[in-house]
Number of protein chains: 2
Amino acid sequence: MLDMGILSSSVEFSLRMASVAAGQRFYEAMRAFRLRPGQFATLVLIGANPGVGQRGISETLRIDKANFTGLLNTLERRNLVERRADPGDHRRYALYLTREGKALLRKASRAYDRLEAGLAKLLPARVRRDFVANLRLIAE
Amino acid sequence: MLDMGILSSSVEFSLRMASVAAGQRFYEAMRAFRLRPGQFATLVLIGANPGVGQRGISETLRIDKANFTGLLNTLERRNLVERRADPGDHRRYALYLTREGKALLRKASRAYDRLEAGLAKLLPARVRRDFVANLRLIAE
DNA sequence: TATTGTTATACTCTATAACTATA
DNA sequence: TATAGTTATAGAGTATAACAATA
């Protein structure tokens, strides 16, 4: 094993490594649904906020709006998401899950819950709740 | 604010968002040194383990060895790192920091310490130590 | 003027396979 | 046969700027 030097007690480095490890678990859990992290999060947010605009989601997920266009195109081509013209503001699209989108989200969410359970098992029981709260403090 | 649904209590999602936020702080702190996360971590590891091989570092950082070649080339072109032929094993390079590499690492490490202090300030004092330990449990 | 969303582009990161040379 | 490192390539993520349409 190498001497990790300054990295061994680093929040920034440990966050990055933990995020990579969790990301690998994500890809395994979601491979069956062909959903990447940003795509899954988008489905969750549209499902919980029907009619939301692209800006609302892209800012929440910190995805640049220019890059979010392509992400949504992919989901729309798969008939998971629908852009509807917003009658009250013609610059805006109101986003909705299609029936297939809802069905896929239901199944993917169950897989996601199992993924989360697997991650939680790595942590001492007494810190599980606070751990997420602390992560959110860093995420602003 | 949007309803985050299942994501609001998710370890995987919160890790990713926190890692993105910490990464942005990293880029600000390290812009002056033109070091990206993998490059800085590589300098730290070579500095703490002179003579280490590429495999040792790339596995520790979970960077594919194929991608690590280019990362090292960049550091070598900047005269920060030196590949020396290993007399005991001719397949292998032994890696060392150059004098410039050591000097840059010293300065960058101070900036990194400030970055870490800024992140630590976001966390309640009583959890700071355990927080990194918990991250390391997830990183395997 | 400001906002929503699109297009284009470039750069980085990651994943994979095939390769050389040495052990 | 296995290991250390290289080359080539493609996919995905991210950052920036310019743009059209609408408010």
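Note that this is a predicted model, so its numbers are computed, not measured. Quick note on labels: first sequence line is chain A, next is B, and so on, each numbered from 1.
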When the distance from [atom1] of [X] to [atom2] of [N] is rounded to whole Å, what number comes out?
X	N	atom1	atom2	value
F26(B)	dT12(C)	CZ	P	14 Å
Q24(A)	dC13(C)	CD	C1'	13 Å
M30(B)	dT12(C)	CE	P	18 Å

**Prompt:** Taking five pairs at each end, how big is the angle between the two axes of the helix from dT1(C)-dA23(D) to dA23(C)-dT1(D), to 10°?
**Reply:**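 Taking the rotation axis at each end, their angle is 0°.
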
For [X], which residues count as a salt bridge (charged side-chain N to carboxylate O under 4.0 Å, His left out) partner, sequence neighbours excluded?
X	value
D89(A)	R91(A)
E59(B)	R55(B)
E100(B)	none
D86(B)	R92(B)

**Asked** Nucleotide range of DNA chain D contacted by chain A, 5' to 3', under 4.0 Å to a heavy atom?
**Response**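 Taking any atom under 4.0 Å from a heavy atom of chain A, the span is dA12(D) to dA23(D).
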
**Request:** Do nucleotides 3-11 of chain C as a string where each nucleotide becomes B, S or -: B if the base has a protein heavy atom under 4.0 Å, S if just the sugar-phosphate does, - if no protein is that close.
**Result:** BBBBBB---

Listed pairs under 3.5 Å, donor-acceptor, residues 131-140 of chain B side chains, sequence neighbours left out:
from	atom 1	to	atom 2	distance (Å)
N134(B)	ND2	D130(B)	O	3.3
R136(B)	NH1	S8(A)	O	3.0

Expected list for residues 73-80 of chain B: side-chain donor-acceptor pairs under 3.5 angstrom, two or more places apart:
from	atom 1	to	atom 2	distance (Å)
N73(B)	OD1	R83(B)	NH1	2.9
N73(B)	OD1	R83(B)	NH2	3.1
N73(B)	ND2	T69(B)	O	3.4
T74(B)	OG1	G70(B)	O	3.1
E76(B)	OE1	R83(B)	NH1	2.8
E76(B)	OE2	R83(B)	N	3.1
R78(B)	NH1	R34(B)	O	2.6
R78(B)	NH2	F33(B)	O	2.9

**Pairs meeting criterion ring pair (Phe, Tyr, Trp, His ring centres under 6.0 Å) with involvement of residues 43-68 of chain B, two or more places apart** =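 As it turns out, there is no ring pair (Phe, Tyr, Trp, His ring centres under 6.0 Å) pair with a partner in residues 43-68 of chain B once direct neighbours are skipped.
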
**Request:** Keeping to residues at least two apart or across chains, list the ring pair (Phe, Tyr, Trp, His ring centres under 6.0 Å) pairs with something in residues 81-127 of chain B.
**Result:**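 Only F40(B)-Y112(B) qualify under ring pair (Phe, Tyr, Trp, His ring centres under 6.0 Å).
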
**Item:** All side-chain contact (heavy atoms from CB on, under 4.5 Å) counterparts of R128(A), not counting sequence neighbours
**Value:**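 In terms of side-chain contact (heavy atoms from CB on, under 4.5 Å), with neighbours along the sequence ignored, R128(A) is linked to A120(A), L123(A), A125(A).
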
**Asked** How many angstroms lie between atom CD of E82(A) and atom CG of L72(A), to the nearest 0.5 angstrom?
**Response**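 Spacing of CD (E82(A)) from CG (L72(A)) equals 12.0 Å.
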
